[in-house]
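Everything below concerns the one structure shown next.
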Amino acid sequence: MTGRTAVVLFTRDLRMHDHPALATSCAAFDRVVPLYVLDPALAGLSPNRTRFLHQCLAALRAELRGLGGDLVLRHGDPVAETIRLAGEVGAEGVALSADVSRYAERRARRLRAECERHRLHLRFFPGLTVVEPGELTPGGGDHYRVFGPYHRAWSGQRWRDELAAPSRVVLPDRVPVGRLPALPAGDSPDAVVGGEAAARRRLDGWLPNLRHYDDLHDDLAGGGTSRLSPYLRFGCLSPLTVANRAGDRGSPFVRQVCWRDFYHQVTAAFPDISRKAYRRGAADHWRYDADALSGWAEGRTGVPIVDAGMRQLRAQGWLHNRARLVTAGYLTKTLGLDWRDGLAVYFRWLLDGDVANNSGNWQWVAGTGNDAKPYRGFNPIRQAERYDPDGGYVRRWVPELAAVAGKAVHQPWRLPDGVRRTLDYPPPLEMPEPAPVWLR
DNA sequence: TCGGGCTTGGA
DNA sequence: CCAAGCCCG
């Protein structure tokens with residue numbers, strides 16, 4: 001067999017379109033081996049994401065087969081398996097998308113060392129963000145610490161060109177492609193289904209709603225948000241594609257895509273983001289109360305808007321961004337519990353849970369992150385009345401309160417005793433003194 | 001260096 | 001109007 005071969009290691013870029021590592025390798029090499037390594041170290045982290053991942057892999061394999069190739073699946077350590085496969089197929093090069101988490105950083109470091117040892121050419125590509133982390137820097141530092149200035153620079157930056165899906169993928173002869181294990185069970189009955197085709201359908205279906213985004217995105221009961229986050233998390237969609245198709249760079253929706261890039265460049269500069277307070281000198285001392293934590297996690301705090309959010313999370317593996325703010329704010333600022341504990345619960349359930357966004361946003365709410373106003377607190381009742389004015393969101397997710405009409409559903413402790421006793425719904429959790437002003 | 005500016009709030 | 005310092009240009 002003659003000609004040159006490359007291994008393309010897929011990670012969380014599970015798509016064919018606008019995939020720089022794949023497109024470039026297919027153009028530059030005679031044969032390309034698309035590889036995904038199932039790392040047992042990650043398998044138990046989140047049943048929801050593991051199931052979604054397997055759906056993405058099945059879809060990617062089908063797409064690659066349609067182009068004459070396949071997705072090679074291995075189990076084990078991604079670095080060891082990549083090196084082993086490269087040896088088996090006589091590859092000269094390894095390509096993958098650059099990533100920012102601690103896990104990804106360690107994987108990259110070990111890949112560099114092993115590729116050097118085995119005389120393999122290793123190349124990292126863009127593609128997980130619109131603008132690569134580190135590409136934009138402020139005058140006095142290595143990364144942006146405040147969103148506003150970052151957004152201005154990001155909007156004015158020249159973005160790379162989108163790349164087409166390859167037209168053909170040629171595998172070397174006789175590569176064992178490996179079996180995809182049976183689809184594992186998730187935790188959430190109403191989770192969306194992974195895969196690039198599903199992602200593109202959702203994007204196509206949602207784009208006509210874009211012009212209402214600014215008016216509707218904060219309404220908890222409505223469907224005004226794109227719900228693309230799980231697909232962006234696994235790279236079923238290129239964020240550049242999403243941003244380009246959404247048009248105006250200054251629009252509120254594209255601004256949200258920019259937040260994702262913002263937290264990736266923060267994480268690249270501060271890989272401890274999931275464990276350590278980002279803000280120097282931030283107050284980072286919290287109570288520990290196992291009962292309060294489990295009450296919050298299971299959606300039985302007795303504060304309806306909080307419980308509604310947590311139950312949506314458990315049912316769908318996703319929750320509205322406004323509900324993320326309210327539930328996270330309640331855990332940290334009202335209950336006084338550690339943002340890391342809330343982060344872990346989100347990580348277990350969220351289909352879109354990734355280190356950069358999940359950690360960055362939790363730290364923002366907790367006041368330890370990239371916020372100019374770290375002493376911000378959310379009043380859950382005010383939030384509920386503003387963003388769920390009729391109470392429809394609460395009644396949908398907290399059926400014990402379905403009989404309570406209107407916005408009274410947000411404060412069941414104020415209902416007449418006779419009514420309250422008919423509801424199978426707890427009083428609010430005991431809270432540290434002083435009790436919050438909204439609870440009376 | 002210094003002034004403008006800072007996702008999501010509250011009184 | 002105050003957010004609370006401090007990031008950014």
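A, B, ... follow the sequence lines: proteins, then strands. Residue 1 opens every chain.
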task: Using atom CG of N357(A) as one end and atom C1' of dT7(B) as the other, report the distance to the nearest whole Å.
output: 14 Å

- prompt: What is the distance from atom NE2 of H54(A) to atom CG of L180(A), rounded to the nearest 0.5 Å?
  reply: 6.0 Å

- prompt: Please walk me through it: do V192(A) and R202(A) pass side-chain contact (heavy atoms from CB on, under 4.5 Å)?
  reply: CA-CA 10 Å; V192(A) 296; R202(A) 183 169 289 269; 3.6 Å; yes

query: Whole Å only: how far is the CH2 atom of W364(A) from the P atom of dG9(B)?
result: 8 Å

field: P-based separation of dT7(B) from dG9(C) [nearest Å]
entry: 13 Å

task: Assert yes or no for the condition that the ring centre distance of F253(A) to H217(A) is strictly below 6.0 Å.
output: no

- prompt: Y213(A) and S226(A): side-chain donor and acceptor closer than 3.5 Å?
  reply: no

- prompt: Rounded to whole angstrom units, what separation is found between the CZ atom of F262(A) and the C1' atom of dC6(B)?
  reply: 11 Å

- prompt: At under 4.0 Å between heavy atoms, what does G140(A) touch on the DNA or RNA strands: base, sugar-phosphate, or nothing?
  reply: nothing

- prompt: OP1, OP2 of dG9(B) versus side-chain N and O of Q383(A): anything below 4.0 Å?
  reply: yes

- prompt: Dot-bracket for DNA chain B: what is it, with Watson-Crick or G-U pairs under 3.5 Å, [ ] where a pair crosses earlier ones, and | for a pair to another strand?
  reply: .|||||..||.

- prompt: Just checking, is any N or O donor in the side chain of D190(A) or W318(A) under 3.5 Å from an acceptor N or O on the other one?
  reply: no

field: Touch class at under 4.0 angstrom, heavy-atom based, for D371(A) against every strand present
entry: nothing

- request: Provide, to the nearest angstrom, the distance between the CG atom belonging to D261(A) and the P atom belonging to dT7(B).
  value: 16 Å

field: Length of the CD1-P vector between I381(A) and dG10(B), whole Å
entry: 11 Å

- request: Count the heavy atoms of every other residue, nucleotide or ligand shown that sit under 6.0 Å from CG of D424(A), and state whether that count exceeds 12.
  value: no

query: What do you reckon, are the aromatic ring centroids of Y231(A) and F52(A) less than 6.0 Å apart?
result: yes

query: Can you tell me how far P of dG10(B) sits from NZ of K333(A), to the nearest Å?
result: 11 Å

message: If I take atom CG in residue L325(A) and atom C1' in nucleotide dT8(B), what distance separates them, rounded to the nearest angstrom?
response: 6 Å

- request: Answer yes when R145(A) and D142(A) have at least one side-chain N-carboxylate O distance shorter than 4.0 Å, and no when they do not.
  value: no

Is there any protein nitrogen or oxygen under 3.5 Å from a nitrogen or oxygen in nucleotides 6-8 of chain C, and what are the pairs?
from	atom 1	to	atom 2	distance (Å)
dC8(C)	OP1	R145(A)	N	2.6
dC8(C)	OP1	V146(A)	N	3.1

task: Please say whether more than 12 non-hydrogen atoms of neighbouring residues, nucleotides or ligands are located less than 6.0 Å from CZ in R211(A).
output: no

task: For the side chain of R386(A), starting at C-beta, report the closest nucleotide among dC6(B), dG9(B), dT7(B).
output: dG9(B)

- request: Take atom OH of Y387(A) and atom C1' of dG9(B), then tell me their distance rounded to the nearest Å.
  value: 9 Å

Whole-Å C1' distance, dG5(B) and dC2(C): 15 Å

- prompt: Can you find a donor-acceptor N/O pair under 3.5 angstrom joining the side chain of R322(A) to the base of dT8(B)?
  reply: yes

query: Under 4.0 Å between a Lys/Arg side-chain N and an Asp/Glu carboxylate O for D272(A) and R102(A)?
result: yes

- prompt: Given the C1' atoms of dC6(C) and dG10(B), what is the spacing between them in whole Å?
  reply: 22 Å

